[in-house]
Structure formats: structure tokens, C-alpha cells
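This structure is a prediction, so every number in the text was calculated from the model and none was measured. All values below were derived from every heavy atom in this structure, side-chain atoms included, with hydrogens, water molecules and symmetry-related copies excluded.
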Amino acid sequence: DSNALNAMWVSLKDAIHRIFEQKSSSMSFELLYNYGYKLCLHKRGDMLYSGVCDTIREHLVQMVESVRCLPEEGLLSGIKRTWDNFKVVATNIKDILLYMNRTHVKKLEKPDTFEVALNHFRDVVIYNENIRGRLKHILLTNVALERNGNIIDRHLMRSIVSVLVELGAYEDEFERDFLDQAKTFY
């Protein structure tokens, strides 16, 4: 029945909102998994997939506002905190939609919801016009400071570089400028 399938999608979308709000402790992940399974079984996989991708992006557009206005001294830790929280959310969403990711998404050769979530984080947060340039500047400045004998937060730097690597943004956002700076330094 079409109404029942639509109600399942509404429940899943509401669950995703609650996961983002870190209010998911009372949810039945089994029931949500079952909804995803039934939607795929009844040929609603495309609707589910695009709805989930859109919902993730909508939340990131809201999340980026709290990061983009951070002052430079808080930007790296703000990105790290947002990333750590987001990765938990993306994993929970992936777990709920395991059936869709293993069958429907694989058959269509699309990226699974976890990969889509990471790509959206890169595009919406890391590549944000008010974050991208400042992030690169802070990273390169910290490298230069350390080379000149200053103490920097190495753990935070390592964490941010790891985020960039995981998102496939390291080479685009940092590596070339870092190597150019190293050539100049040495």
C-alpha cells in the first residue's frame, strides 16, 4: 500500500533528523532497517536513496553555519568536532540502510550512503567559501610556525590532515601548497 510505504519513508526521515540531533537512543534501529528493506522490496529504493542523500545535505547546510563563522583560532577544532560528530551520524545512517546499500545501490553502481555523506561533508563544509581558504592558510601557517621552532597542536593538525585525506581533499586542498612551501623553506 502506497500510504504505508510513504509513512515508512517519513519515519526514516524523522529518524535521520533525530540521529543528527543526537536523540536516537530510544529509536528501534531494527524497525528502521526493516522500513528500508520494505521500501527497496517495493521498488522505492530510488526514492529512499535520493531522499536520504537530500536529507544529509540539508543537515550539513545547517551545520556549516556554526563552523563558517568561527574565528581562525577555533576553526581547526570546530571542523574536527563537527567531523567527529558527523562521522557517527553517517555510520548510524549507513547501518539503518544496510540493505539498500548492499542491494539497490550496488546494483545501480552508485556510492553508498556513507560515501555520499562524506562527499557532502567535503563539498558543503570543507569546500565552503568561508572555510576553504582559511583552513588552508591555518594549516600552512602552522607548518611554518613549527619549522621556525614554535609549538603547535600537532594532534589537531594530524587530525585535520586525516580528515582531508579521508575526504579525498588532501591533494586538492593542501599537498601542492605544502610541497611548494617546503621547497621554499629548504
State the CZ-NZ distance between Arg176 and Lys136, to the nearest 0.5 angstrom.
7.5 Å
Whether over 12 other heavy atoms sit under 6.0 Å from Glu30 CD
no
Is the ring pair His59/His17 parallel, tilted or perpendicular, if the boundaries are 30 and 60 degrees?
tilted
Quick one: CG on Leu75 to CD1 on Ile160, what's the gap to the nearest 0.5 Å?
7.5 Å
Can you tell me how far apart NZ (Lys110) and SG (Cys53) are? Round to the nearest 0.5 Å.
8.0 Å
CD1 (Ile151) with more than 12 external heavy atoms under 6.0 Å:
no
Approximate separation, where rounding is to 0.5 Å, of Asp14 CG and Met27 CE:
8.5 Å
Over 12 foreign heavy atoms within 6.0 Å of CZ, Arg102:
no
So does Glu129 pair up with Arg132, basic N to acidic O under 4.0 Å?
no
According to a 4.5 Å side-chain heavy-atom criterion applied to Ile, Leu, Val, Met, Phe, Trp and Tyr, with indirect links allowed, do Leu70 and Met157 form part of one hydrophobic cluster?
yes
Parallel, tilted or perpendicular: ring planes of Tyr33 versus Tyr99, cut at 30 and 60 degrees
perpendicular
Enclosure of Glu171 CD (heavy-atom neighbours >12, cutoff 6.0 Å)
no
Residues which pass salt bridge (charged side-chain N to carboxylate O under 4.0 Å, His left out) with Glu146, listed by chain and number, not counting sequence neighbours:
Arg154
Please round to the nearest 0.5 Å and tell me the distance separating atom CG of Asp177 and atom CG of Leu139.
10.5 Å
Gap between atom CG of Leu39 and atom CE of Met8 - 0.5 Å precision:
6.0 Å
